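Reviewing the structure listed below.
Keep in mind the model is a prediction, meaning the values are calculated, not measured. Read the numbers this way: they start at 1 and go in the same order the structure lists the ligands and their atoms.
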Amino acid sequence: MSEDIIASLKENVIQGRKTQDDEGIDEELSGTPGVVELTQSALDDNIPPETIITRGLTAGMQVVGEKFTTREYFIPDMLASAEAVGAAMDILKPILEASNIETKGKFAIATVKGDIHDIGKNIVSILLKGAGYEVNDLGTDVPTEKIVEVVREYKPDFLGLSALLTTTMVVMGEIIEALKENGLRDKVKVLIGGAAVSDEYAQEIGVDAYCVDGFHAIKVLDAFQEAKA
Ligand code: B12
């Protein structure tokens, strides 16, 4: 049963069906549960939010990306899927954020200049809030100067950077250089993520960690905290 819900969730992300009223790419699907209804059913079935996100929502977006690469999908199709995932995250948000833990530290996060992808960044923000971090989400297409200013003024313990394009990942390296030039690099631990980046790239530009997803980020941050204690 749980497996069926997760499989349907992934399929409906691929179909770009936010609710039961949407037709979807294959059409004639209206009337059957969409991403919103399936996310609620998954929660009612006690499926953990981590499973809903990784095996349903993110797995579906992965396929959407592959279909875009092979030109089976176009931008409006990607957007429909993105909106469906956003609606699912609105349902999961209160559950993921519910935490009475004392703040574990300040985390500023941004999608870098030139990049407007925000689904992954938003998921990471929500998960980190739930894990007890005070999150300052700067949004998308954030200029490097703004990021430097936030590190100087807001003094976050951690800075998270997201990039999904090979053309914008290079901005992460520029941010590291700008932090160095302003004498701020050793004031903040920098984590990067997004489809365009990797462990190798993280090492190349000299950030503290590359994270595959928000759950990984929580583990990395906890390890930093333990090392500090
Ligand atoms: C949805 C989508 C869009 C939507 C974005 C909507 C939105 N509000 O975000 C729209 C339609 C706007 C879009 C536009 C474009 N897109 Co687009 N898009 C995608 C798609 C299908 C899914 C991205 C996504 O949301 N994934 C789901 C989330 C959950 O995953 P995620 O972002 O990777 O995040 C997770 C982890 O990576 C990690 N993470 C991410 N960031 C961070 C940060 C930190 C600090 C940490 C710790 C972790 C972390 O944790 C997240 C949660 O698990 C991808 C395909 C793909 N496989 O990535 C293409 C993709 C990224 N897009 C692509 C392209 C080419 C474009 C456009 C240039 C298309 C065009 N010709 O206009 C534009 C660029 C616009 C711009 N300037 O940014 C290419 C990039 C290719 C490349 N190598 O550069 C991809 C890979 C598709 C493809 N296969 O060709 N896109």
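- Here D208 pairs with R185 in a salt bridge; the nearest charged N to carboxylate O distance falls below 4.0 Å.
- Checking G120, G214, A217 against atom 31 (P) of ligand 1, the nearest heavy atom belongs to G120.
- Within the 4.0 Å heavy-atom shell around ligand 1 one does not find A196.
- Residue contacts with ligand 1, taken as heavy atom pairs separated by less than 4.0 Å, do not involve L57 at all.
- With a 6.0 Å radius and a threshold of 12 heavy atoms from other residues, nucleotides or ligands, K106 has its NZ atom above the threshold.
- With respect to atom 41 (N) of ligand 1, the closest heavy atom belonging to the protein is S162 OG, 2.7 Å.
- Taking OG1 of T168 as the reference point, atom CD1 of I116 lies at 10.5 Å (rounded to 0.5 Å).
- Of the charged side-chain nitrogens involved, none lies within less than 4.0 Å of a carboxylate oxygen, so that D157 and K104 do not count as a salt-bridged pair.
- When the options T140, D118, I75, V190 are ranked by their closest heavy atom to atom 70 (C) of ligand 1, first place goes to I75.
- One finds the CD atom of E23 at 10.5 Å from the OG1 atom of T32 (value rounded to the nearest 0.5 Å).
- Here I123 has side-chain heavy atoms under 4.0 Å from ligand 1, and that is the only part of it that gets that close.
- Selection from L128, I218, I119, V212 by nearest heavy atom to atom 36 (C) of ligand 1 gives V212.
- Annotation for ligand 1: atoms under 4.0 Å from non-hydrogen atoms of G65 are 21 (C), 55 (C), 88 (C), 89 (N).
- At least one donor-acceptor pair closer than 3.5 Å links the side chain of T58 to the backbone N or O of I53.
- Scanning the protein for heavy atoms near atom 5 (C) of ligand 1, the closest one is H117 CD2, 3.6 Å.
- Closest protein heavy atom to atom 87 (C) of ligand 1: F68 CD2, 3.6 Å.
- By heavy-atom distance, the residue among D115, L161, T69, V64 lying nearest atom 88 (C) of ligand 1 is T69.
- Scanning the protein for heavy atoms near atom 49 (C) of ligand 1, the closest one is G193 CA, 3.5 Å.
- Both the backbone and the side chain of I116 come within 4.0 Å of ligand 1, counting heavy atoms alone.
- In terms of protein heavy atoms, atom 1 (C) of ligand 1 is closest to M61 CE, 3.4 Å.
- At the top of the distance list for atom 63 (C) of ligand 1, counting protein heavy atoms only, stands L165 CD2, 3.8 Å.
- Counting only heavy atoms of the protein, atom 20 (C) of ligand 1 lies nearest to M78 SD, 4.0 Å.
- For the atom pair CD1 of I6 and OG1 of T54, the computed distance is 8.0 Å after rounding to the nearest 0.5 Å.
- Using a cutoff of 4.0 Å between basic side-chain nitrogens and carboxylate oxygens, E177 and K180 are scored as salt-bridged.
- Of the N or O atoms in T58, none lie within a sub-3.5 Å distance of an N or O in ligand 1.
- Here the heavy atom of the protein found nearest to atom 33 (O) of ligand 1 is A195 N, 3.8 Å.
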**OP:** Report the C-alpha distance between D44 and Q40 in whole Å, list the side-chain angles of each, state the deciding distance to 0.1 Å, and finish with yes or no for side chain to side chain donor-acceptor pair (under 3.5 Å).
**Re:** CA-CA 6 Å; D44 295 344; Q40 196 52 59; 3.3 Å; yes
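- A distance of 9.0 Å separates CD1 in I176 from CE in M172, rounded to the nearest 0.5 Å.
- Separating the CG atom in L138 from the NZ atom in K121 is a distance of 8.5 Å, to the nearest 0.5 Å.
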